[in-house]
Structure formats: C-alpha cells, structure tokens
Amino acid sequence: MNEMNSSESYNPGDIVYVFYRNPHTQDVANLQSAAVVNHPENPNELALFLYENYYPLSNEMAVYATEEEANRAFNYYYGTSSEGPLQ
C-alpha cells in the first residue's frame, strides 16, 4: 500500500485519515479523520489533532490523504470496513 508518511507532504489545516485503535479495546481498529496542525509545544513541527489530543506527525504513522485511500488500506489490512463512512 502507498502510505503518505512524509510530514513534508502536509500543511496545517489539511484533513487526513489514520487507523485508530480504541485504547480500551485494542483489538478494534477504525478509520478516523484527523487535522494536521502546528504542534502546540513546538510550532515548527506538525502534529495530528485527533480526539482532543495532539500526536506528533512522524514517518512511523500510516497517514492517508483521502478517505478512499484509507478505506482501501483498511480493507487490505483488516478486511472489509463495516463501520460505514467516516464522520
């Protein structure tokens, strides 16, 4: 799968899509939209804002530019997505 992992590809304000594991149920993964923002503690770095938290944007994250790409990757890694469209 072709993941866009380079933080140089993003700008603050971009909406991207990531796989997110529920911290209370680790065997459940979902697709979630997230906003690319300047990291509040280091404005020179980008972060993902997801569920009221900031996550450093790094090459270790599978980040997708479109919902379609994210759904294809999710289906590839986890089987069909039965959760419906992202909100």
Side-chain angles (χ1 to χ4, degrees):
M1 301 292 341
N2 186 16
E3 295 141 1
M4 293 180 58
N5 289 332
S6 173
S7 60
E8 292 116 30
S9 301
Y10 304 107
N11 296 301
D14 288 349
I15 301 298
V16 296
Y17 301 87
V18 296
F19 297 163
Y20 179 78
R21 289 197 180 273
N22 183 324
H24 304 291
T25 312
Q26 286 293 307
D27 62 339
V28 176
N30 296 301
L31 290 175
Q32 183 61 48
S33 58
V36 176
V37 297
N38 287 322
H39 196 291
E41 295 174 9
N42 187 349
N44 295 326
E45 292 182 12
L46 295 177
L48 292 179
F49 187 66
L50 177 67
Y51 290 118
E52 304 297 321
N53 290 302
Y54 295 93
Y55 299 93
L57 186 57
S58 73
N59 290 337
E60 295 177 7
M61 301 180 85
V63 178
Y64 301 90
T66 67
E67 184 177 355
E68 182 180 331
E69 286 178 317
N71 278 317
R72 278 197 312 263
F74 189 90
N75 290 335
Y76 178 81
Y77 291 112
Y78 297 105
T80 50
S81 172
S82 61
E83 297 296 324
L86 297 174
Q87 299 178 0

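In this text the structure is predicted, and so the values were computed from the model without any measurement. In this chain, residues are counted from 1 in sequence order.
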Inset, instruction - Check whether Met61 and Tyr54 end up in the same hydrophobic cluster, where Ile, Leu, Val, Met, Phe, Trp and Tyr are linked by side-chain heavy atoms less than 4.5 Å apart. - result: no
Minimal heavy-atom distance between Ser33 and Tyr17, with the atoms involved, is CB-CE2, 3.7 Å
When every non-hydrogen atom of Phe19 is compared with those of Ala70, the smallest separation belongs to CE2-O, 3.9 Å
Residues Glu69 and Thr66: closest non-hydrogen pair is N-OG1, 3.1 Å
Residues 41-51, side-chain donor-acceptor partners within the protein, below 3.5 Å, at least two apart:
unit_1	atom_1	unit_2	atom_2	d
Asn42	OD1	Asn44	N	3.2
Asn42	ND2	Glu45	OE2	3.0
Tyr51	OH	Gln32	OE1	2.9

Subject >> Worked verdict on Tyr10 versus Val63 for side chain to side chain contact (heavy atoms under 4.5 Å, CB included) >> reply: CA-CA 10 Å; Tyr10 304 107; Val63 178; 3.3 Å; yes
| task | Identify whether Val37 and Tyr55 are in the same connected component of the hydrophobic contact network (ILVMFWY, side-chain heavy atoms under 4.5 Å). | result | no
